[in-house]
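Have a look at the structure below before the remarks.
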Amino acid sequence: MVNFSLEGKVALVTGASYGIGFALATAFSQAGAKIVFNDIKQELVDKGLAAYKAEGIEARGYVCDVTKEEQVKAMVANIEKEIGVIDILVNNAGIIKRIPMCDMTPEQFRQVIDVDLNAPFIVSKAVIPSMIKKGHGKIINICSMMSELGRETVSAYAAAKGGLKMLTRNIASEYGEFNIQCNGIGPGYIATPQTAPLRERQADGSRHPFDSFIVSKTPAARWGTTEDLKGPAVFLASEASNFVNGHVLYVDGGILAYIGKQPK
Ligand code: NAP
Ligand code: GCO
């Protein structure tokens, strides 16, 4: 019997008060996991706790900026003391700044790299020692279409997500012998607050040009939803994927396979 269950596992999903992280955490809970999440502000953690409760999930929330190693180490220590060793880590927290590269300041570039690449390194480094002691662990890094493709105005984000793909492969290479599997999920274009600016209706009520562009680039001819990501995430978090390591699973409706629909 293939084991997709997460019964008895402790899952930490970073930046999971809402959006993709929240959806993945609810899926993990439905598969039996205990849910722990963090966000950068107490009011967002409180909002997240209420949202989980509304789904019937008794989650635990911590205020933690994932770019700050001391905060991350303290959070992981508290989780291990109060709940248990983290079996599943999803490095989900992320930001994007859509600015033409030559208009971007080094500080703005660094901020994106800090959250989207340095933080997965920091949080993974904090949880791996206990995973080694426990004899197993799952790390899932939330990559992106921009782990493979570039586009205007997202240079820092693409650099970070491309690096995150290689960090995923390196963690898989370095810690696979300890029964730790590290994989990525590469969502396509998903309807969340992060992509809301790309879907805003125009003044005349028409669709945002980028919205129409993405629909034409996606064989599924639609934006993804967070629901589309739940099954792939449970698979990568479960024992069913114990021989999958260093892989980025693209959940993109076929964007990466498709040249795009010819404009009418
Ligand atoms: P989102 O709606 O913007 O949520 C991002 C979450 O990360 C928020 O809860 C945010 O908290 C948190 N966060 C940001 N910086 C943080 C920090 N320093 N410490 C702790 N938490 C922090 O984004 P999303 O659309 O759900 O995306 C989640 C992940 O999927 C990101 O890594 C994103 O790059 C990736 N992704 C998204 C898409 C998409 O189409 N939406 C596609 C591919 C990949 P605050 O609200 O406090 O900032
Ligand atoms: C953008 C979007 C994308 C998505 C996602 C695609 O501005 O192009 O925000 O970057 O967030 O990463 O996979």
Side-chain angles (χ1 to χ4, degrees), residues 10-30 33-84 86 88-99 105 107-127 140-142 144 156-157 160-161 164 185 187 189-200 223-227 229-230 233 237:
V10 176
L12 168 61
V13 185
T14 66
S17 296
Y18 56 88
I20 288 174
F22 179 83
L24 301 189
T26 58
F28 289 172
S29 175
Q30 286 156 5
K34 285 183 212 161
I35 299 308
V36 186
F37 73 102
N38 74 294
D39 220 308
I40 204 165
K41 297 186 275 283
Q42 186 60 53
E43 60 266 31
L44 269 173
V45 170
D46 294 343
K47 185 179 143 206
L49 287 169
Y52 284 112
K53 202 164 183 68
E55 297 288 327
I57 300 168
E58 288 302 323
R60 298 289 293 272
Y62 292 81
V63 177
C64 175
D65 178 343
V66 289
T67 66
K68 304 286 188 290
E69 185 169 39
E70 288 317 305
Q71 289 187 32
V72 169
K73 284 161 72 172
M75 174 178 69
V76 170
N78 285 334
I79 293 168
E80 291 185 355
K81 190 167 63 191
E82 296 164 8
I83 302 153
I86 295 162
I88 301 159
L89 166 65
V90 179
N91 284 307
N92 167 76
I95 61 172
I96 190 167
K97 291 183 188 295
R98 298 184 182 95
I99 304 169
T105 65
E107 180 49 33
Q108 288 170 324
F109 191 92
R110 263 193 293 272
Q111 283 168 4
V112 177
I113 298 291
D114 225 9
V115 180
D116 295 5
L117 180 56
N118 292 343
F121 154 73
I122 289 169
V123 186
S124 301
K125 180 184 162 200
V127 305
I140 301 170
N141 292 321
I142 306 301
S144 161
Y157 184 85
K161 294 297 188 180
L164 186 57
I185 286 179
Y189 280 83
I190 312 294
T192 72
Q194 191 249 50
T195 55
L198 305 174
R199 292 176 281 109
E200 268 165 9
W223 283 71
T225 70
T226 56
E227 289 299 307
L229 300 169
K230 289 182 172 181

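Only a predicted model underlies this, so the values are computations on that prediction, with no experimental measurement involved. Excluded from the calculations below are hydrogen atoms, water molecules and symmetry mates; all remaining heavy atoms, backbone and side chain alike, are included.
In this structure, E58 CD and Y52 OH are separated by 13.0 Å, a value rounded to the nearest 0.5 Å. Note that OG1 of T105 is 8.0 Å distant from CZ of R110, once rounded to the nearest 0.5 Å. Rounded to the nearest 0.5 angstrom, D116 CG and K97 NZ are separated by 10.0 Å. Rounding to the nearest 0.5 Å places CZ of R60 at 4.0 Å from CD1 of I83. To the nearest 0.5 Å, atoms NZ (K161) and OG (S144) are separated by 6.5 Å. To the nearest 0.5 Å, the span separating CG on L229 from CD1 on I190 amounts to 4.5 Å.
Across all their heavy atoms, G21 and A16 have their closest contact at C-CB, 3.6 Å. Residues V115 and P120 approach most closely at O-CD, 3.4 Å, considering heavy atoms. Of all heavy-atom pairs between C64 and M75, the closest is CB-SD, 3.6 Å. Summarising the geometry of A126 relative to V72, their closest heavy-atom pair is CB-CG1, 3.8 Å, with the distance given to 0.1 Å. Across all their heavy atoms, L24 and A233 have their closest contact at CD2-CB, 3.7 Å. Taking each heavy atom of I142 and L164 in turn, the nearest pair found is O-CD2, 3.3 Å.
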Can you check side-chain hydrogen bond (donor to acceptor under 3.5 Å, both in side chains) on Q42 and Y62, steps first, answer last? CA-CA 8 Å; Q42 186 60 53; Y62 292 81; over 6 Å; no

Mind running side chain to side chain contact (heavy atoms under 4.5 Å, CB included) on T14 and V90 for me, showing each step along the way? CA-CA 6 Å; T14 66; V90 179; over 6 Å; no

Under the side chain to side chain contact (heavy atoms under 4.5 Å, CB included) rule, what do I79 and L12 come out as? Steps first, then yes or no, please. CA-CA 9 Å; I79 293 168; L12 168 61; 4.2 Å; yes

Checking I99 against F109 for the side chain to side chain contact (heavy atoms under 4.5 Å, CB included) test, could you report, in this order, the C-alpha distance in whole Å, the side-chain angles of both residues, the deciding distance, and whether it holds? CA-CA 10 Å; I99 304 169; F109 191 92; over 6 Å; no

T195/R199 under side chain to side chain contact (heavy atoms under 4.5 Å, CB included): CA gap, chis, key distance, verdict: CA-CA 7 Å; T195 55; R199 292 176 281 109; 3.2 Å; yes

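At a threshold of 4.5 Å between non-hydrogen side-chain atoms, the residues I86 and V36 do not count as touching. Residues L198 and W223 meet the side-chain proximity criterion, which asks for heavy atoms closer than 4.5 Å. A heavy-atom distance below 4.5 Å is not found between the side chains of S17 and F22. The side-chain heavy atoms of I20 and T192, taken from C-beta on, include a pair separated by under 4.5 Å. The shortest side-chain heavy-atom distance between F37 and L49 falls under the 4.5 Å cut-off.
Under the rule for a salt bridge (Lys or Arg N to Asp or Glu O under 4.0 Å), D114 has no partner lying at least two apart in sequence or in another chain.
The backbone N or O of F121 sits nowhere less than 3.5 Å from a side-chain atom of S124 that would complete a donor-acceptor pair.
A side chain to side chain contact (heavy atoms under 4.5 Å, CB included) with N38 is found for one member of V66, V63, D65 and no other, namely V66.
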